[in-house]
Each structure stands twice: as C-alpha cells, then as structure tokens.
Amino acid sequence: MLELRYIRENAEAVRRAIRAKQLPDAVASLDAVLVADEHRRLLRGDLESLQARRNAASREIGARKQRGDDADDLMREMSEVAAEVKRLEERDTSLAGQIALHLLEIPNVPHESVPYGASEHDNVVEAEHGERRVDADLLPHWELAERSRWFDLEAGVTLTGAGFPVFKGVGARLVRGLAAFFLDRLAAQGYEEVLPPLLVNAASATATGQLPDKEGQMYEVTGGYYLIPTSEVSVTNLHRDQILDDDALPLRYCAYTPCFRREAGSYGKDVRGLNRVHQFDKVEMVQFTRPEDSYDALEAMTRTAEGLLEALGLPYRRLLMCTGDMGFTQAKKYDLEVWSPGQARWLEVSSISNMEAFQATRLATRSRPGGSDGRGKTRSVHTLNGSALAFPRTIAALLETYQQGDGSVLLPEVLRGYVGTDVLR
RNA sequence: GGAGGGUUGGCUGAGUGGUUGAAAGCGGCGGUCUUGAAAACCGUUGACGGCGCGAGCCGUCCGGGGGUUCGAAUCCCUCACCCUCCGCCA
C-alpha cells in the first residue's frame, strides 16, 4: 500500500505507474482515493473544530460541577453539537473506509531503472552465466526420476492430487541436503535462520499483499487461516506493527519452508514433472533495510542467489522484469532462470524484489534512529525478499544437467557431503 | 472440550465517568557531579493525522467494532486475541 500523502502529492506519477504496470482498473481506484481524500479533509476541518468546541465545553461543565455551579445551558447546547459531531463522524468513517479499500487496489510505483513493457516479452535479459548443455539425447527430469523413483508424482495424486510430488529415498535426501546447503550459505552471509508458521491469518496475508488481490493463489483452511504461498509472508510479518532500531538495520532473515500454491489455470508442458506443483520447498531471504540502502541490498541479494546457482554449477540467466510483468507490490524485480537441458528451456528458480515502503506501510513497520525507544523521528523501512532458491526446478535442472548415459546423476561436489553420496542412482 | 482471568505508552504496571494522553518504575535523551566512567540527583521523553512559512494550533488513539452521556481508559453490548487451571494429546 502506498502512503496516502504520497499519492496525494504524486497523483500523476501514480497514474503513470498504474498504466505502466498494465493495471488499468486501478485508475478508478486512484480517482476514488483522490476524491474521497479531498472530501474527507474538508469534512475533517468542520468536524475537528466542532470536536474542539465540544471538548472545551465539556471541560467547562466539569469545572462548574466541581464548584457546584449550574451547567444546564451548556449541556443543552452541547447536546445539539454532539448530534452534529456524530453525523459528521459517520461520514468521516465512511470516507475513511472507502479510502482504505481503494488504497489496497493501487499498485506500487516502479523504480526509475525499470524498463517499460507490456508483458513478459519485454523483460530484459541482463546476464547469462555458464555453458548451457545442449544435447537432444538428454532426458527431462521426469523420465530420469521415473526410472529411479527419486520422486513419485503418481503417489502424490493418490495421497492428495496432481501437483503434490512425493520425494523418496535418495530423492528425499537430495531435498534435505539442498536445504542444508542453501541455509549454510546464507548463514555465512549474515542471514538469520527462521522456522516460521506455515499458516498465517488474514492480517498477515494482507500486509504482504496476498490479500485481497491474490486470494485465489492461496489455500484457505478452517479457522480463517491461509497456507503460506511463500515464507515471505510469515517472515515479513515478523515485524508487523513494530518500530525497529534504525541503527540496527538491515535485518536479514532466511527461512526454509514448504510453500502452497493453487496455481489455477496452468496446463501442458508447464506442469510436467516438477515444473509447476502445488506444494514445494523453498529457501527465502527477507530483508528490512533503511530506505537509502534498499537498492544496494537488492543487488547484493541477487548476487547471493546467483552465487548458489554458480556453486551448483547450473547455467542461468538474470532477467530484469519490465513494468508490466513485475507484480503488484514490487518496485523492482529480478528473476533468475536456470537452464533445463532435458527440456531445452529456461525455468524460473528465483525472484528477488524490492518492495520499498509498499509492504512496510501495510505492515506498520517503521524504524527510528537511536532505537525503538529513542527520540528520532520514525520513518518507513524498505522490505525485500528473494528466493534462494525454489527447490523443484532447481532439482529438475540438477538432474538434467548432471545426468549420465546410464540414467544416474553425478552430483556437483558441493552437494555430495550434504546428500551423503556422489551419485544418484 | 470445561471453568475462570486478562488486553493501557519502547517495556513493567496504576487507573471504575470530568483539564487523564494517561500515576509510578524501567528504558531512552539532555544536564549536574567526576580526570573519565559508574552511581546519585535534576530535567525531559508516545503514535498517527490535519492546518500553518514558522513559533505553533487542533483532532484521533488505553485490543477491534457498536452503544449510553454535555463528557468514556473508566458504564453497556459484541467480536478477536492472550493467560491460568482441568481434560485430551505429539
């Protein structure tokens, strides 16, 4: 959510941002906010002076009664004022509600370095790393796994439904090893490990931007809770409604969790094997930074995720997402795509974003120089997050990249200790 | 599942209708003292919003929402959450 004052003072920039993000419906929300805000400020002028009168009179009545004097005339007069105050308060509440509602429908403003674009075709490939393996004989990961039963999609269908893979044997060990490998690397770079709840309440989902606009993405469970679609939701809400110590920023967290996504409406080659599933594991990075530091943090975070792919020896490319493809809450976003030689295509394994103050405003996460009980003025923090990395496609790329003629997979050295074997058979 | 108790400022915790945005303590900040520091002492210290060039003024906020009243942290209704005990349980 953008700050109301920012919108008021930068209405045209917000309007351009809405168009650039290809969200024309939000124009109506912006106009509704501007109109309601204008009305409300006029109304509040009247309301507040009336309230001031009432407060003064009430104090006077109290003083008179204490002396034993009569105050009936003032009380009669204030009775009318009270009725008028109530009338204005109701209108004020109604306007405030409209503003709050429509504020949630206005997307974040892209950073000036983000290229304009209408769709994913306008994303910019900024870098490509590693030598892609190209060989028509290389098998896609689902064929490799079918032979060796590293994961079992059929079993998942029986247990739950399509898109819930069951990892088994050395396949399960690979998942566990990858998690430990990623977490160790992130710990070495100063990320504190967090093991958060997998269910969150509506307030948390709203604060990070899953609600109200992406409700269909999440599984909702009894009790009004939602299964997290990413640990970004849990971890970012760690500091909801808090004033942080500005001098202690940045705060850096990482979390390894399952993620649950409904992903309605996808089909075909996109959903073969591990390409797109409803439950998957992911290690996520989350940062809370000072506003002036967030873009350096975004670059560093991206480099961290890239470092993981490099350590695994997986060729990848980095995309700078254009305005039209980067989502509602982001100001700037990179995607990392890993090369899948068995499918001869790129697979997204990481998405690293700077939300600037957009989430922090909904979260009411601020910081103050000198600590939460210091004397400095509070200000919004910036939040960032990035995958490091999403497991299924990383595993797909690993299996396909390191497959050998006999269908086995020779693990990259960095993983061998974690998985407890050199070769998957 | 049953019974009871709570929700107040960065923290602990007073406060049952009238200058209470809120005692006190802790913490923070400034100062006195000190070679320096600590201790002690004095002062100061909420968030959010509107208006104003500014000094500043005004409003809202004591879990959320609604009600009673000239006036509500205080009374009533309602919802949410937390805690304790019992039962059950990994």
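Proteins get letters first, then strands, A, B, ... in listed order; numbering begins at 1 in each. Quick note: numbers below take in every heavy atom, side chains included, and nothing from hydrogens, waters or symmetry partners.
If you take CG of A:D247 and P of B:G10, they are 18 Å apart, rounded to a whole angstrom. Nucleotide B:C51 holds its C1' atom 14 Å from the CD atom of A:E38, rounded to whole Å. Taking atom CG on A:L88 and atom C1' on B:G50, their separation rounds to 15 Å, with Å as the unit. Rounded to an integer number of Å, the gap from CD of A:E77 to P of B:G71 is 13 Å. When the C1' atom of B:G50 is taken as reference, atom CD1 of A:I99 falls 13 Å away, rounded to whole Å. What separates NZ of A:K86 from P of B:G71 is a distance of 11 Å, to the nearest Å. Across the protein-nucleic acid pair, A:L95 atom CG and B:G59 atom P stand 21 Å apart, rounded to whole Å. Computed from coordinates, the A:R40 CZ to B:G59 C1' distance equals 11 Å when rounded to whole Å.
Between B:G63 and B:A14, the two P atoms lie 15 Å apart (nearest whole Å). Comparing the same atom, C1', in B:G9 and in B:G27 gives a spacing of 12 Å after rounding to whole Å. Rounded to whole Å, the separation between the P atoms of B:G15 and B:G71 comes to 26 Å. Using atom P as the reference point in both B:C29 and B:A39, the two lie 12 Å apart (nearest Å). Rounded to whole Å, the C1' atom of B:U35 lies 47 Å from the corresponding atom of B:C48. Going from the P atom of B:G25 to that of B:A3 covers 42 Å, rounded to whole Å. Between B:C70 and B:U19, the distance separating the two C1' atoms is 15 Å to the nearest Å. Taking atom C1' on both nucleotides, B:G10 is separated from B:C85 by 33 Å, rounded to a whole Å.
Base-pair partner of B:U74: not found among the strands shown (Watson-Crick or G-U wobble, both distances under 3.5 Å). Base pairing annotation: B:A39 forms no Watson-Crick or G-U wobble pair, as no partner gives both donor-acceptor distances under 3.5 Å. Nucleotide B:G56 has B:C51 as its partner under the Watson-Crick or G-U criteria, with both atom distances under 3.5 Å. B:G6 is paired with B:C81 under the criterion used here, namely a Watson-Crick or G-U wobble arrangement in which both key atom distances are under 3.5 Å. B:G87: no Watson-Crick or G-U partner with both key distances under 3.5 Å is found in any strand. In this structure, B:C62 forms no base pair with any nucleotide, since neither Watson-Crick nor G-U wobble geometry is met with both distances under 3.5 Å. Under the Watson-Crick or G-U wobble criterion, with both distances below 3.5 Å, B:U44 is paired with B:G28. Nucleotide B:U69 forms a pair with no other nucleotide shown, judged by Watson-Crick or G-U wobble geometry with both contacts under 3.5 Å.
The side chain of A:R59 has B:U19 as its nearest neighbour among B:U19, B:C70, B:G49. For A:R41, the side-chain atoms get nearest to B:G50 when compared with the rest of B:G50, B:G59, B:C70. Comparing B:G71, B:C51, B:G59 against the side chain of A:N55 picks out B:G59 as the nearest. Picking from B:G71, B:G49, B:G18 the nucleotide with the shortest atom distance to the side chain of A:E48 gives B:G49. Here the side chain of A:S58 is nearest to one of B:A47, B:C81, B:G71, namely B:G71. Listed candidates were B:C48, B:G59, B:C70. Nearest to the side chain of A:R366 is B:C48.
Heavy-atom distances to RNA chain B give each of A:A56 and A:R76 a nearest nucleotide, and the one nearer the 5′ end belongs to A:A56. Annotation: of the two residues near RNA chain B, A:Q51 and A:M75, the 5′-most nearest-nucleotide partner is A:Q51.
Checking the phosphate oxygens (OP1, OP2) of B:G49, a side-chain nitrogen or oxygen of A:R5 falls inside 4.0 Å. Taking side-chain N and O atoms only, A:T378 has a distance below 4.0 Å to OP1 or OP2 of B:C48. Dashed line: the shortest gap from a side-chain N or O of A:R368 to OP1 or OP2 of B:A47 is under 4.0 Å. Phosphate proximity of B:U60 to A:R54: present, with a side-chain N or O under 4.0 Å from OP1 or OP2.
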Identify each donor-acceptor pair in which a side-chain atom of residues 156-168 of chain A lies under 3.5 Å from a protein atom, sequence neighbours left out, and give them as a table.
from   : atom 1 : to     : atom 2 : distance (Å)
A:T158 : OG1    : A:E154 : O      : 3.3
A:K168 : NZ     : A:D152 : OD2    : 3.1

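Checked for salt-bridge contact, A:R318 and A:E306 meet the test: a charged N lies under 4.0 Å from a carboxylate O.
Remark: the backbone N or O of A:A118 is paired with a side-chain donor or acceptor of A:D122 at under 3.5 angstrom. Formation of a donor-acceptor pair under 3.5 Å by the A:E337 side chain with backbone atoms of A:E348 is not found in this model. Under a 3.5 Å cut-off, the side chain of A:R240 and the backbone N or O of A:L363 do not form any donor-acceptor pair. Checking side-chain atoms of A:T323 against main-chain N and O of A:A20 turns up a donor-acceptor pair under 3.5 Å.
As judged by a 4.0 angstrom heavy-atom cut-off over every strand, A:I61 is placed among the base-contacting residues. A:A52 comes within 4.0 angstrom of sugar-phosphate atoms only, judged by non-hydrogen atoms across all strands, and of no base. A:R64 comes within 4.0 angstrom of no nucleic acid atom, judged by non-hydrogen atoms across all strands.
Using modelled atom types, one finds no donor on one side chain facing an acceptor on the other under 3.5 Å when comparing A:Q287 with A:T289.
Aromatic ring orientation, A:H141 versus A:F151: tilted (interplanar angle from 30° to 60°).
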